[in-house]
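Report on one structure; see the data block that follows.
The first residue in the sequence is number 1, and the count goes up from there. As the structure is a computational prediction, the values presented were derived from the model and not from experiment. Keep in mind that the numbers below use all heavy atoms, side chains included, and drop hydrogens, waters and symmetry copies.
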Amino acid sequence: MTLSRRLLVLALAVLLLGGVAAALVLRAAARADQPREGGPTIAAGEVTLTQRDRLAFLNTAQGPHRGALASVPADAPQAARTASGLTCQRFHAAAGTGVCLSSTPGALAQENRAVIVDAELRTLRDFPLAGTPSRARVSPSGRFAAWTVFVSGESYGAAFFSTRTSIVDTRTWVLEPDLEKFAISLDGRPYSAADVNFWGVTFAKDDDTFYATLGTAGQTHLVRGSVSRRAVTTLAQNVECPSLSPDETRVAYKKRVARGASLWREHVLDLSTLREVPLAEKRSVDDQAVWLDDRTLAYALPSDGAVDSTDLWTVPADGSGAPRLLAPGAASPARLR
């Protein structure tokens, strides 16, 4: 067989294999678009971020509109869902502003972006992400949006992972691309290290104060930060993915309860006394919880029998009661008021 003929055969084989792979992908996508018996009812419709008394979240249920931002009545979270045309990996919204962390297939790798949307879900700005979407949060006024991504290729070896966290001002579009550039005060002393990581921002109402997790030297710390001063101060240890209560007196967070393992327990920390209360949810929660009101938290847990879906659960914030299923096949909740 001549060289040219061999090359032709090889090219045809590559095309054939590529066609088979594409067909398998399309077949898998078609299966994912088939509604699962007993799953939530969902249909396309109008979703806006100014709808009152609604709960918005990402629909993770198998079937049409998988990954779409959807909404339901806040007092009937398992009612029929209205799905928008916006799809995200992570989402949060407040005061008519939303942040959508999206991932789309690219020629060589996923293309990840942070998309800032208005109340009608129209894109205002978007920003390339340095890694895989992890956390997203909008300040109560809608002025600031923050996001965290997992990154690879850093020059140091972090204990578990490496992150990058950014904050953008949605009025001026000034971007703080990396909180690692902020000044750090750890236990009252200036601190710097090559392995510093930040993740899980949550904002106060003053359009300046935020809380986040600082990871360094194998420890995690709750920090209080100032956007304008570009500085953070540590407050407590073993705090991850904080979420500030609406009355700004407490922080909900996940606390590592097994050294070296991915096992967390949800707690609430009183910011004035630093007294912590373990919540009734005893399963390991790997999420940044959301306060539905001053008494109730919502968070995602993996769905039973579905490795690529989560359900939303709620639990009282004072340590009483028991976990309760809020919405199956859902993630990234935001209470619209």
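When each of Asn197, Thr132, Asp178 is checked for a side chain to side chain donor-acceptor pair (under 3.5 Å) with Thr163, only Asn197 meets the rule. Just one of Asp208, Thr233, Thr209 meets the side chain to side chain donor-acceptor pair (under 3.5 Å) condition when paired with Ser226; it is Asp208.
To the nearest 0.5 Å, atoms CZ (Arg135) and OG1 (Thr165) are separated by 10.5 Å. Taking OG1 of Thr60 as the start and NE2 of His65 as the end, the distance is 14.5 Å to the nearest 0.5 Å.
Counting heavy atoms from C-beta on, the side chains of Arg54 and Pro73 come closer than 4.5 Å.
A cation-pi arrangement, defined by a distance under 6.0 Å to the six-membered ring centre and an angle within 45 degrees of its axis, is absent between Arg164 and Trp147.
Glu240 and Trp264 share a donor-acceptor pair across their side chains, judged by distance under 3.5 Å alone. Residues Arg137 and Ser243 have side chains that bring a donor and an acceptor to within less than 3.5 angstrom of each other. With 3.5 Å as the limit, one finds no donor-acceptor pair spanning the side chains of Tyr299 and Gln288. The closest side-chain donor-acceptor pair between Arg81 and Asn59 falls under 3.5 angstrom. Remark: the Asp294 side chain and the Ser245 side chain contain no N/O donor-acceptor pair separated by less than 3.5 Å.
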Self-check item: Evaluation steps, side-chain contact (heavy atoms from CB on, under 4.5 Å), between Leu279 and Val268
Solution: CA-CA 7 Å; Leu279 302 189; Val268 167; 3.9 Å; yes
Practice problem: Go through Trp313 and Leu297 one step at a time and tell me if the side-chain contact (heavy atoms from CB on, under 4.5 Å) criterion holds. | Solution: CA-CA 8 Å; Trp313 291 77; Leu297 289 159; over 6 Å; no
Quiz item: What do the steps show when you test Val232 against Phe210 for side-chain contact (heavy atoms from CB on, under 4.5 Å), and what is the final call?
Solution: CA-CA 9 Å; Val232 302; Phe210 66 91; 3.8 Å; yes
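In the hydrophobic clustering of ILVMFWY residues, with side-chain heavy atoms under 4.5 Å counting as a link, Leu274 and Val239 come out together. Tyr211 and Trp291 are not part of a single hydrophobic cluster, where members link through side-chain heavy atoms under 4.5 Å apart. Connection of Val223 to Leu179 is established within a shared hydrophobic cluster, with ILVMFWY side chains joined at heavy-atom distances below 4.5 Å, either directly or through further cluster members.
Leu312 and Ala331 get closest at one heavy-atom pair: CD2-CA, 4.0 Å. Closest of all the heavy-atom pairs between Asp126 and Arg113 is OD1-NH2, 3.0 Å. Summarising the geometry of Thr97 relative to Leu49, their closest heavy-atom pair is C-CD1, 3.7 Å, with the distance given to 0.1 Å.
Using a 30° and 60° split on the angle between ring planes, Phe144 and Phe203 fall in the parallel class, below 30°.
Around atom CZ of Arg265, more than 12 heavy atoms belonging to other residues, nucleotides or ligands sit under 6.0 Å away.
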